[in-house]
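The first residue in the sequence is number 1, and the count goes up from there. Please read all numbers here as calculations on a predicted model, not as lab measurements. Ligands are counted one by one from 1 in listed order, and the atoms in each one are counted from 1 as well.
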Amino acid sequence: MNSRVVEALDSIIEGLVVPSFTSIGPALRRRLFQWQALNSYDLSGQVIVLTGGTSGIGEEGARLFAACGATLVIVARNAAKTAALLDELRETSGNQKLDAVEADLGDQQQVREAARQLADRYKRIDVLIHNAGALYNTRKRAANGTDLAVELMVASPFLLTGLLLSSLRKAAPARVLTMSSGGMYTQALTVDDLQMSDEDYQGAKQYAKAKRAQVVLNELWAQRMAPSDIVFHSLHPGWHCRDFQNC
Ligand SMILES: NC(=O)c1ccc[n+]([C@@H]2O[C@H](COP(=O)([O-])OP(=O)(O)OC[C@H]3O[C@@H](n4cnc5c(N)ncnc54)[C@H](OP(=O)(O)O)[C@@H]3O)[C@@H](O)[C@H]2O)c1
């Protein structure tokens with residue numbers, strides 16, 4: 001199919017939002033863009049840093065990256081859970097290049113320490129994936145008092161990207177992926193109101209605001225960095241929930 005037709009069809013799917021952000025989107029795009037099977041990629045030699053790799057979508061990603069031979073580093077707050085997952089992945093994939101850095105991404109001191117360890121251990125980072133995220137039904141605050149959703153999904157990824165720019169540039173062209181959400185379409189970006197007041201707090205709304213801010217920040221990074229150095233992507237993963245009561 002002609003590439004302009006493919007792009008036009010892709011824009012239509014995107015513009016209609018629902019077909020783009022449900023399972024229809026990847027199914028159509030797989031055919032339009034002739035995507036190859038994910039597990040057919042050879043990622044050996046690629047250093048991939050992944051946050052939120054201990055559960056859900058990130059864990060599935062970790063399984064895939066391990067199976068494809070990547071050097072995978074999971075940045076996670078629960079050391080025992082991460083170690084158990086990495087042991088399992090070493091056994092099932094045979095890939096021994098799996099590593100962990102411990103950090104609670106709701107704490108900027110720990111984000112800084114994680115960045116220092118990553119830069120010390122790896123000469124270059126090919127891919128940085130900001131996947132950790134959460135929707136808090138009641139207001140939670142980070143160590144510095146910031147709304148925890150904003151800290152975890154906006155401030156912390158921004159800080160980690162900034163601190164790892166030099167490691168990413170060494171892998172030019174590197175990639176930074178941010179796992180946002182189609183839920184962001186429900187909220188415009190209002191910088192003054194990025195953190196809702198305690199009185200008005202609604203978890204889904206606060207989550208959507210943070211996700212919108214992630215995407216806008218991603219665009220700003222992309223404007224400032226040469227794509228020959230670092231390419232920035234933000235994406236929606238599809239809808240998935242293990243426990244609908246607590247979604
Ligand atoms: N599921 C969906 O339908 C959906 C839809 C749109 C977007 N998303 C986005 O996709 C991403 C993954 O979602 P998911 O459903 O796979 O979530 P999940 O199963 O709840 O996993 C969230 C991951 O983030 C980590 N995390 C949370 N708070 C953290 C913190 N303070 N410090 C370090 N790590 C922390 C968790 O670590 P622990 O294992 O220690 O808890 C876990 O690994 C999120 O950004 C989410 O917003 C999901």
Side-chain angles (χ1 to χ4, degrees), residues 17-18 20-26 48-66 72-86 88-89 98 100-115 117-118 128-161 176-187 203-215 217-218 233-247:
V17 179
V18 171
S20 185
F21 289 90
T22 58
S23 56
I24 301 168
I48 300 182
V49 174
L50 170 68
T51 71
T54 50
S55 173
I57 295 157
E59 185 180 335
E60 286 308 308
R63 288 181 194 288
L64 186 67
F65 297 139
L72 173 67
V73 193
I74 295 182
V75 180
R77 59 184 165 178
N78 185 329
K81 189 175 175 185
T82 317
L85 174 65
L86 293 187
E88 184 207 320
L89 294 185
L98 309 178
V101 167
E102 190 180 340
D104 185 324
L105 299 170
D107 181 330
Q108 291 194 9
Q109 280 303 107
Q110 295 192 37
V111 175
R112 287 179 188 282
E113 175 56 21
Q117 287 184 35
L118 287 163
L128 170 62
I129 307 176
H130 299 296
N131 169 71
L135 189 165
Y136 303 108
N137 287 322
T138 54
R139 159 83 14 90
K140 288 195 170 38
R141 293 203 180 270
N144 62 6
T146 305
D147 173 84
L148 187 54
V150 172
E151 189 69 19
L152 177 64
M153 297 187 286
V154 184
S156 154
F158 181 78
L159 180 61
L160 193 57
T161 298
V176 176
L177 279 68
T178 300
M179 189 62 83
S180 186
S181 169
M184 74 150 203
Y185 282 111
T186 62
Q187 294 297 313
K205 201 167 170 184
Q206 181 63 77
Y207 174 84
K209 282 172 177 282
K211 290 298 192 187
R212 171 71 77 171
Q214 279 189 318
V215 172
L217 269 181
N218 207 60
H233 306 264
S234 57
L235 58 149
H236 168 88
W239 306 113
H240 158 89
C241 188
R242 286 160 297 135
D243 179 358
F244 285 93
Q245 298 302 316
N246 293 312
C247 247

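- The closest side-chain donor-acceptor pair between Glu151 and Gln108 falls under 3.5 angstrom.
- Shortest non-hydrogen contact noted between Gln214 and Ser180 is OE1-CA, 3.3 Å.
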Under 3.5 Å, which donor-acceptor pairs do the side chains of residues 75-82 form with other protein atoms, sequence neighbours left out?
residue: Asn78; atom: OD1; partner: Ala80; partner atom: N; Å: 3.3
residue: Asn78; atom: OD1; partner: Lys81; partner atom: N; Å: 3.0
residue: Thr82; atom: OG1; partner: Asn78; partner atom: O; Å: 2.6

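- Under 4.0 Å from ligand 1, heavy atoms of Ser55 appear from its side chain as well as its backbone.
- Under a 4.0 Å heavy-atom criterion, Ser180 is in contact with ligand 1.
- Gln117 and Glu113 are linked by a side-chain donor-acceptor pair at a separation below 3.5 angstrom, with hydrogens and angles left out of the test.
- Ligand 1 has an N or O atom lying under 3.5 Å from an N or O atom of Ile57, backbone or side chain.
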Between Arg139 and Gln206, is the side-chain contact (heavy atoms from CB on, under 4.5 Å) condition met? List the steps. CA-CA 9 Å; Arg139 159 83 14 90; Gln206 181 63 77; 3.5 Å; yes
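- Checked against a 3.5 angstrom limit, the closest N/O atoms of Tyr207 and ligand 1 fall inside it.
- Not close to ligand 1: Gly183, with no non-hydrogen atom less than 4.0 angstrom away.
- Distances from atom 10 (O) of ligand 1 to the heavy atoms of Met179, Met153, Met184 put Met179 nearest.
- Taking every heavy atom of Asp104 and a limit of under 4.0 angstrom, the matching atoms of ligand 1 come to 30 (C), 31 (N), 32 (N).
- Here the side chains of Leu85 and Glu59 are in contact, with some heavy-atom distance below 4.5 Å.
- Counting the atoms of ligand 1 from 1 in the order shown, those under 4.0 Å from a heavy atom of Leu105 are 30 (C), 31 (N), 32 (N), 33 (C).
- Near Gly56, with a cut-off below 4.0 Å to any heavy atom, the atoms of ligand 1 are 16 (O), 19 (O).
- Of the N or O atoms in Tyr136, none lie within a sub-3.5 Å distance of an N or O in ligand 1.
- Less than 4.0 angstrom separates some heavy atom of Gly106 from each of these atoms of ligand 1: 31 (N).
- Residue contacts with ligand 1 for Ala76 are absent, since no atom lies close enough (heavy atoms, distance under 4.0 Å).
- Nearest-residue assignment for atom 43 (O) of ligand 1 (options Thr54, Thr51, Leu148, Asp107; heavy-atom criterion): Thr54.
- When side chains are defined from C-beta on, Val176 does not count as touching His233, because their heavy atoms never get closer than 4.5 Å.
- Comparing Thr82, Asn131, Val75 against atom 44 (C) of ligand 1, the shortest heavy-atom distance belongs to Asn131.
- Counting heavy atoms under 4.0 Å from ligand 1, residue Glu59 does not touch it at all.
- Of all the listed residues (Thr178, Leu152, Ile129), Leu152 holds the heavy atom that lies closest to atom 30 (C) of ligand 1.
- The side-chain heavy atoms of Ile129 and Thr51, taken from C-beta on, include no pair separated by under 4.5 Å.
- Annotation: side chain of Val73 is not in contact with side chain of Ile48 (no heavy-atom distance under 4.5 Å).
- For ligand 1, the polar-atom distance check finds an N/O of Lys211 within less than 3.5 Å of one of the ligand's N/O atoms.
- Scanning both residues, Tyr207 and Ala134, for their nearest heavy atoms gives CD1-O, 3.4 Å.
- A salt bridge is absent between Asp147 and Arg141; no separation between the charged side-chain nitrogens and carboxylate oxygens falls under 4.0 Å.
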